[in-house]
Amino acid sequence: MRRVATVGIVRSRNAKKPAAVADQRPVQGEDGIPLARVSRSPRILPFVLTGLVLGVVVGLVIAITGGEGGNYTEGSTLGYFALLFGGIGALLGGVGFALADKRAHR
């Protein structure tokens with residue numbers, strides 16, 4: 001029978017573990033049960049939808065309290081402002097999500 005040499009480090013059973021492995025033991029609670037680390041991360045949809053709704057409200061308020069729309073009807077002015085400010089609000093909500101996500105992963 002032919003033996004094949006393996007390349008690698010052979011560790012005896014009595015060898016000490018590296019210090020990095022010893023630090024990774026789970027923290028135990030008072031009753032001895034290991035505690036899990038929960039990573040809370042924000043979700044993007046509530047941020048974007050909140051920004052969208054706030055933007056639409058701001059657009060509607062500006063359209064209603066503004067002066068004459070010139071050649072545009074009141075309905076089209078409301079629609080244009082709601083679309084414009086809703087998009088800007090959704091974009092700002094996405095920026096708020098990115099900042100919150102960055103802070104959560106520190």
Side-chain angles (χ1 to χ4, degrees):
M1 216 178 202
R2 187 174 180 192
R3 296 182 113 185
V4 178
T6 59
V7 178
I9 298 173
V10 178
R11 179 187 287 173
S12 69
R13 290 185 180 184
N14 296 330
K16 293 183 178 180
K17 292 183 179 179
V21 175
D23 293 337
Q24 295 177 355
R25 285 180 279 154
V27 178
Q28 293 183 351
E30 293 176 4
D31 54 359
I33 298 174
L35 300 176
R37 182 174 182 188
V38 177
S39 175
R40 304 236 355 174
S41 182
R43 296 180 309 189
I44 190 167
L45 191 61
F47 280 86
V48 173
L49 287 179
T50 301
L52 177 76
V53 169
L54 290 176
V56 167
V57 168
V58 168
L60 293 176
V61 167
I62 290 175
I64 291 172
T65 60
E68 289 293 319
N71 294 333
Y72 298 107
T73 64
E74 187 176 332
S76 64
T77 305
L78 289 172
Y80 290 141
F81 278 140
L83 185 65
L84 176 69
F85 286 101
I88 292 171
L91 182 65
L92 290 176
V95 170
F97 164 77
L99 294 175
D101 190 44
K102 184 178 179 181
R103 185 172 185 195
H105 288 281
R106 270 198 217 172

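Here L92 pairs with I88 under the side-chain contact (heavy atoms from CB on, under 4.5 Å) rule; sequence neighbours left out. In this view, A98 satisfies the side-chain contact (heavy atoms from CB on, under 4.5 Å) rule with no residue, not counting sequence neighbours. By the side-chain contact (heavy atoms from CB on, under 4.5 Å) test, I44 pairs with V48, F97, sequence neighbours left out.
For F47 against A100, the heavy-atom pair with the smallest separation is CZ-CB, 3.8 Å.
Residue pairs meeting the side-chain hydrogen bond (donor to acceptor under 3.5 Å, both in side chains) criterion with at least one partner in residues 73-90, sequence neighbours excluded, are T73-S76. Contacts classified as side-chain hydrogen bond (donor to acceptor under 3.5 Å, both in side chains) and involving residues 93-103 (residues at least two apart or in different chains) are given here: S41-D101, D101-H105.
Counting heavy atoms from C-beta on, the side chains of L60 and F81 never come closer than 4.5 Å.
For the side chain to side chain contact (heavy atoms under 4.5 Å, CB included) with V58, the lone residue among I62, V56, L54 that qualifies is I62.
Through direct or relayed side-chain contacts under 4.5 Å between Ile, Leu, Val, Met, Phe, Trp and Tyr, L45 connects to L49, L52.
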